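Only a predicted model underlies this, so the values are computations on that prediction, with no experimental measurement involved. Chain letters run A, B, ... following the sequence lines, proteins first, then strands; residues in each count from 1.
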Amino acid sequence: MPTLKLASWNINSVRARLPIVGQLIEAEAPDIICLQETKVRDSQFPHADFEEAGYVHRYLHGQPMHHGVAILSKVPLQEERRYDWQDNGEARHIGVRLPNGVLLENVYIPAGGDVPDREENPKFGQKLDFYERMIRWSEALDVPTIMMGDFNIAPLECDVWSHKQLLGVVSHTPLECETMERLRASNDWVDIGREFVAAPERLYTWWSYRAKDWRKSDRGRRLDHVWVSPELKSQVKAHRVLEDARSWDRPSDHIPLITELEL
DNA sequence: ATGGTCGGTTCCCGA
């Protein structure tokens with residue numbers, strides 16, 4: 001039974017983050033890396049850097065400027081599909097099949113703008129609609145699946161620095177949290193983050209760039225997640241977040257998540 | 001106290 005080490009990281013531009021992606025590879029040597037917000041068209045992806053690091057299998061879904069996801073792997077995978085859950089062509093998903101048939105879905109769910117109101121802010125409605133399309137996909141899933149990425153919702157009270165102060169802030173509104181829970185329930189998904197760091201223990205994956213001292217103010221949110229189908233739950237052997245990465249040179253505002261599975 | 005900072009097709013926009 002080989003152990004597979006997976007990393008998930010919203011890196012907010014793969015080109016700007018190349019040095020610290022290298023730092024992650026040196027520190028953790030993951031077998032497979034799921035990146036979100038690569039912000040690069042596929043033809044300009046920094047292939048050589050990942051080739052040199054041993055990630056000779058790459059599966060990209062990028063676009064100019066915004067969004068973009070990538071799966072980088074030391075082991076050969078089979079590209080399965082790129083879902084357009086956004087329904088407007090934005091590059092927010094890529095899925096692959098692992099050698100044993102398990103599906104790996106890498107997703108970047110939209111942030112949803114600033115105002116939590118469909119009428120006033122179309123981006124908020126697009127985010128909810130994205131979740132609804134995922135729910136329809138998830139309900140029909142009949143293959144063991146690992147899903148990871150930036151879900152852009154912090155569902156539990158303990159997933160944000162202040163539940164009360166964030167109730168009206170996009171990423172933690174009751175409507176978003178309920179919608180996310182409907183997605184979770186639709187395939188009985190297991191929230192691996194909370195399997196390893198049980199609520200109500202503090203667990204964040206994102207801190208705003210705008211804080212003077214992110215660690216001191218610690219106004220974090222758990223926006224990034226790893227979910228697995230229930231039949232895979234017992235095969236997940238380890239999971240942790242690399243909080244120190246928020247202090248690496250020219251950091252992302254998100255930190256990497258590391259998950260080890262026996263497959 | 002209602003700001004603040006990133007990245008990119010960069011003097012705006014999305015996050």
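The side chain of A/R210 approaches B/dA15 more closely than any other nucleotide in the set B/dG8, B/dC6, B/dA15. Counting only heavy atoms from C-beta on, A/E37 has its side chain closest to B/dA15 among B/dA15, B/dG8, B/dG7. The listed nucleotides are B/dA1, B/dG8, B/dA15; the one nearest the side chain of A/R219 is B/dA1. Distance from the side chain of A/K123 is smallest for B/dG14 among the nucleotides B/dC6, B/dG14, B/dG4.
Taking atom NZ of residue A/K39 and atom C1' of nucleotide B/dC6, one finds them 7 Å apart after rounding to whole Å. Taking atom CE of A/M65 as the reference point, atom P of B/dA15 lies 11 Å away to the nearest angstrom. In this structure, A/Q165 atom CD and B/dT2 atom C1' are separated by 12 Å, rounded to whole Å. Rounded to an integer number of Å, the gap from A/W214 CH2 to B/dA15 P is 23 Å. A straight line from CD of A/E90 to C1' of B/dC13 spans 13 Å, rounded to a whole angstrom. The nearest whole Å value for the distance from the CD atom in A/Q44 to the P atom in B/dG8 is 11 Å. When rounded to the nearest whole Å, the span between CZ of A/F124 and P of B/dA15 equals 14 Å. Between A/K127 atom NZ and B/dG14 atom C1' there is a gap of 13 Å when expressed in whole angstrom units.
With no hydrogens or angles considered, no side-chain donor-acceptor pair links A/R202 and A/Y204 at under 3.5 Å. Judged purely by distance below 3.5 Å, without hydrogens or angles, the side chains of A/Y59 and A/N106 never pair a donor atom with an acceptor atom. Side chains of A/H163 and A/H172: a donor-acceptor N/O pair is present below 3.5 angstrom, by distance only. Side-chain contact check for A/Q36 and A/S8: at least one donor-acceptor pair (N or O, by modelled atom type) lies under 3.5 Å.
In this model, the phosphate group of B/dC6 is not approached by any side-chain N or O of A/R15 to a distance below 4.0 Å at OP1 or OP2. Side-chain nitrogen and oxygen atoms of A/R17 include none within less than 4.0 Å of the OP1 or OP2 phosphate oxygen of B/dC6.
Residue A/K212 is out of contact with every strand shown, counting any heavy-atom pair closer than 4.0 Å. At the heavy-atom level, A/R41 lies under 4.0 Å from base atoms of the strands shown. Counting non-hydrogen atoms under 4.0 angstrom, A/R246 reaches nothing in the nucleic acid. Counting non-hydrogen atoms under 4.0 angstrom, A/H67 reaches the backbone sugars and phosphates but no base.
If you take atom P in B/dT2 and the same atom in B/dC13, they sit 24 Å apart, rounded to whole Å. The same atom, C1', is picked in B/dG8 and in B/dG3; the two are 24 Å apart, to the nearest Å. Between B/dG4 and B/dA15, the two C1' atoms lie 14 Å apart (nearest whole Å). With both ends at atom C1', the span from B/dC6 to B/dC11 equals 16 Å, rounded to whole Å.
Taking for each of A/S13 and A/D253 the nucleotide of DNA chain B with the nearest heavy atom, the 5'-most of the two is the partner of A/S13. When each of A/A211 and A/Y108 is assigned the nucleotide of DNA chain B with its nearest heavy atom, A/A211 is the one assigned upstream, toward the 5' end.
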Start with the C-alpha distance between A/T145 and A/W189, add both sets of side-chain angles, then the distance that settles side-chain hydrogen bond (donor to acceptor under 3.5 Å, both in side chains), and finish with yes or no. CA-CA 9 Å; A/T145 301; A/W189 292 101; over 6 Å; no

Carefully, step by step, assess A/L6 and A/L104 under the rule side chain to side chain contact (heavy atoms under 4.5 Å, CB included). CA-CA 10 Å; A/L6 308 179; A/L104 173 63; 4.3 Å; yes

